[in-house]
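Take a look at the structure below.
Bear in mind that the values here come from a model prediction, so they are computed numbers and not experimental data.
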Amino acid sequence: MNKPAKSFFSKKYRITGKPDYIVVKDEKCLPVELKTGGYTKPQWNHILQLAAYCQLLEENYGGFVPYGILVYNNRFQYKIPFNPRVRFELENTIN
C-alpha cells in the first residue's frame with residue numbers, strides 16, 4: 001500500500017519532515033524520497049534526509065524502520081539501510 005506522507009515531528013531530536021511517500025512492506029512503514037536532477041547514485045545529504053524520515057517514522061509509528069528508499073528521476077531506485085552507522089551520523093548531524 002502506497003500513500004502520500006504527512007508531516008511528522010520528532011520530540012527527541014526536535015526535527016520535522018515529510019517523506020514523499022510511505023510504503024508498507026512486511027508490516028513495516030518505509031519512507032520513500034523522490035529526487036530529480038542529474039543524480040544516478042545516492043548522495044550523502046539525501047541519505048541523511050532519508051535517515052531523518054526513518055527516525056520520524058519510528059517515533060511516530062512506534063515500530064522499527066529497517067531502511068528507506070531513494071528514487072532518482074523515476075529510474076534509479078536504492079534501498080538505503082537505516083543501520084547503526086547511519087543512525088550515528090544522523091544524530092551527529094542533528095546535534
Test item: side-chain donor near acceptor, Tyr72 and His46, under 3.5 Å
yes

Working for side-chain contact (heavy atoms from CB on, under 4.5 Å), residues Ile15 and Ile94
CA-CA 8 Å; Ile15 61 172; Ile94 291 170; 4.0 Å; yes

Candidate list Gln55, Glu59, Glu91, test side chain to side chain donor-acceptor pair (under 3.5 Å), partner Tyr13, passing option:
Glu91

Would Leu70 and Tyr39 show up in the same hydrophobic cluster when neighbours are defined by side-chain heavy atoms closer than 4.5 Å?
yes

Would you name the heavy atoms of Val65 and Pro31 that are closest together and state the gap between them?
CG1-CD, 3.9 Å

Nearest-0.5 Å distance that lies between atom OG in Ser10 and atom CG in Asn60
8.0 Å

Take the angle between the ring planes of Phe8 and Tyr61 and call it parallel below 30°, perpendicular above 60°, tilted in between.
perpendicular

To the nearest 0.5 Å, how far apart are CZ in Phe76 and OG1 in Thr40?
5.5 Å

Please assess Tyr67 against Lys28 for the test side-chain contact (heavy atoms from CB on, under 4.5 Å), listing each intermediate value before the final yes or no.
CA-CA 10 Å; Tyr67 63 91; Lys28 305 279 187 215; over 6 Å; no

More than 12 foreign heavy atoms under 6.0 Å from CG of Asn92: is that the case here?
yes

Heavy-atom pair with the smallest gap, counting every atom of Leu56 and Gly17:
CD1-N, 3.5 Å

Taking all non-hydrogen atoms of both residues into account, name the closest pair between Pro42 and Ile47 and its distance.
CB-CD1, 3.9 Å

Rounded to the nearest 0.5 Å, what separates atom NZ in Lys35 from atom CG in Asp20?
7.5 Å

Are Val23 and Leu34 linked, directly or through other ILVMFWY residues, by side chains that come within less than 4.5 angstrom of each other?
yes

Asp26 CG: over 12 foreign heavy atoms closer than 6.0 Å
no

Non-hydrogen atoms of Glu33 and Pro19 that approach each other most closely
OE1-CA, 3.9 Å

Contact summary for Gln77 and Ile69, nearest pair of heavy atoms:
CG-CG2, 3.5 Å

CG (Asn45) and CG (Leu50) are apart, to the nearest 0.5 Å, by 11.5 Å

For a quick check under 3.5 Å, do Gln49 and Tyr53 share a side-chain donor-acceptor pair by atom type?
yes

Do Pro66 and Leu30 make a side-chain contact, defined as non-hydrogen atoms from C-beta onward lying under 4.5 Å apart?
yes

Return yes if some donor-acceptor pair links the side-chain N/O of Asn73 with the main-chain N/O of Gly38 below 3.5 Å, else return no.
no

Phe88 atom CZ, over 12 foreign heavy atoms within 6.0 Å
no

For the student: nearest non-hydrogen atoms of Phe64 and Arg87, plus distance
CE1-NH2, 3.3 Å

